[in-house]
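To start, the structure itself, in structure tokens.
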There are 2 protein chains.
Amino acid sequence: MGRRRGTTKGDRRERAILDTARDLLSTTPVGRLTIDQLTAGAGISRSSFYFYFDSKTAVLEALLDEIAEEMVEAARRWLDGSGDDPDSLRHALEVSARLWREHGPLLRQALLAEDQEFASFRENVVARYVKEGAARIARDRQEGLAGPGPDPQSLAHALIRMKFAVFAADSSVEAVETLCAVVRRAMYGALPATGS
Amino acid sequence: MGRRRGTTKGDRRERAILDTARDLLSTTPVGRLTIDQLTAGAGISRSSFYFYFDSKTAVLEALLDEIAEEMVEAARRWLDGSGDDPDSLRHALEVSARLWREHGPLLRQALLAEDQEFASFRENVVARYVKEGAARIARDRQEGLAGPGPDPQSLAHALIRMKFAVFAADSSVEAVETLCAVVRRAMYGALPATGS
DNA sequence: GACAATACTCGACGCTGTGTTGAGTATTCC
DNA sequence: GGAATACTCAACACAGCGTCGAGTATTGTC
């Protein structure tokens with residue numbers, strides 16, 4: 001199965017498949033993407049496709065790995081920081097918003113739908129975010145930078161899911177602002193004594 | 001196209017298809033549901049299916065209408081109320097959680113994935129929630145029951161999407177509690193002067 | 001209780017899309 | 001130049017969707 005070293009024709013074709021997929025998936029929903037489209041874009045026959053990838057899903061997974069890396073990277077500064085830090089938070093959200101704008105159809109299917117094919121990818125990404133997010137929340141509370149609130153794990157989970165779902169529907173600047181506000185209030189905001 | 005009045009054999013079969021679908025969809029993801037399964041469950045042949053419904057999607061839409069009604073109904077008391085009202089809010093969330101538990105696969109596909117087939121249904125449900133939610137937020141602010149915050153429309157949108165996404169992943173009691181807390185803080189919580 | 005209209009049923013067909021196989025051609029390394 | 005490996009493809013088998021046309025059952029009406 002191994003390839004030779006150096007950039008061979010095969011490598012270029014593999015890349016061409018990936019690029020075609022990336023391209024088509026900025027507009028086409030995952031369900032409508034066919035292998036025929038991919039091979040047409042890459043200039044090979046349907047059956048040659050199977051030399052490079054086991055299935056359509058394998059292509060999508062390769063793309064997702066590239067995207068997920070970018071996403072977590074952008075959140076790094078905020079995740080590693082502490083206390084209410086609107087600028088880092090906004091930066092993380094802005095990059096996320098851009099990624100959702102560029103790869104909406106793919107991310108929606110992989111992160112939101114329940115597609116069994118992406119289950120493990122989804123669990124990994126979400127779990128990673130939740131773990132680091134919960135740690136940050138717990139840290140802030142311990143250091144007295146945030147008041148008490150819901151279980152950090154559960155709170156982080158809700159906020160991450162909110163981010164995904166909002167950007168899936170709307171990755172505008174306003175959405176970034178609103179998410180920023182909700183996250184900050186959820187983490188640092190205090191409820192008045194008892195609502196009227 | 002019209003049927004005769006009274007409950008005919010045809011009506012019973014139509015119901016049988018719907019029930020079979022409801023049943024299978026409590027465990028099977030939408031993508032895996034085939035018309036063959038539906039007709040097997042209802043005891044008719046594949047082609048007879050098309051006498052009752054135009055497509056698989058038509059069956060799903062019929063089911064979704066039933067579910068959506070219940071969902072909005074459960075939120076009625078909170079949507080029509082005013083001020084911080086944890087009990088009404090919790091009640092609405094609890095019913096929602098149950099519906100997601102029972103119809104998870106279907107709701108996930110219809111509300112979260114970008115399936116073009118459900119686009120209009122999705123827009124309707126979300127738009128309805130957002131409209132009523134935004135109105136409630138604006139009302140509370142006008143009456144001085146809530147402080148300032150993000151644009152009501154945008155805030156309502158984020159909170160609704162969060163609800164959908166969280167329940168899609170986890171409709172436990174704890175999730176209800178967390179959502180309750182986040183919604184209340186987002187609407188009524190105040191941020192301290194300036195962080196750190 | 002016949003008979004027309006309408007409700008309902010189904011087998012057979014064509015289509016699109018997936019994935020496999022086996023035989024072939026190109027490339028690279030020695 | 002020859003063997004190993006990279007790559008290519010036409011042909012096939014299969015699953016699922018939706019259509020067509022020819023039927024059979026049921027019902028309302030006289």
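All values below were derived from every heavy atom in this structure, side-chain atoms included, with hydrogens, water molecules and symmetry-related copies excluded. Please read these numbers as outputs of a predicted model, since none were measured by experiment.
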note = In short, salt bridge (Lys or Arg N to Asp or Glu O under 4.0 Å) pairs touching residues 68-79 of chain A with sequence neighbours left out are A:Glu70-A:Arg98, A:Arg76-A:Asp80, A:Arg76-A:Glu132
ask   = Does the pair B:Arg22/B:Glu102 count as a salt bridge with the N-to-O cut at 4.0 Å?
value = no
ask   = Got a second to check how far B:Arg122's CZ is from B:Leu112's CG, nearest 0.5 Å?
value = 8.5 Å
query = With sequence neighbours excluded, what pairs up with A:Asp19 under the salt bridge (charged side-chain N to carboxylate O under 4.0 Å, His left out) test?
reply = A:Arg15
task = Nearest whole angstrom, please: distance from the C1' of D:dA11 to the CZ of A:Phe49.
result = 19 Å
ask   = B:Phe164 vs B:Trp100 aromatic rings, parallel, tilted or perpendicular, using cut-offs 30° and 60°?
value = tilted
message = Below the 4.0 Å mark, does D:dC9 have OP1 or OP2 next to a side-chain nitrogen or oxygen of A:Ser47?
response = no
task = Consider the side chain of A:Phe51, meaning its heavy atoms from C-beta on, and name the nucleotide among D:dG18, D:dA6, C:dG11 that approaches it most closely.
result = D:dA6
ask   = To the nearest Å, how far apart are A:Ile44 CD1 and D:dC7 P?
value = 11 Å
ask   = Which parts of residues 22-37 of chain A get close to DNA chain C, meaning a heavy atom less than 4.0 angstrom away?
value = A:Leu33, A:Thr34, A:Ile35
request  = Calculate the interatomic distance between B:Tyr50 atom OH and C:dG11 atom C1'; express it in whole Å.
outcome  = 15 Å
Whole angstrom value for the distance that separates C1' of C:dG17 from CG of A:Leu38 = 13 Å
note = Of C:dC10, C:dA7, C:dG19, the nucleotide closest to the side chain of B:Ser48 is C:dC10
ask   = Within this structure, what is the CZ-to-C1' distance between A:Arg46 and C:dG17, rounded to whole angstrom?
value = 7 Å
inquiry  = Quick check against the 3.5 Å criterion: does A:Thr27 have a side-chain atom that pairs as donor or acceptor with the backbone of A:Leu24?
reply    = yes
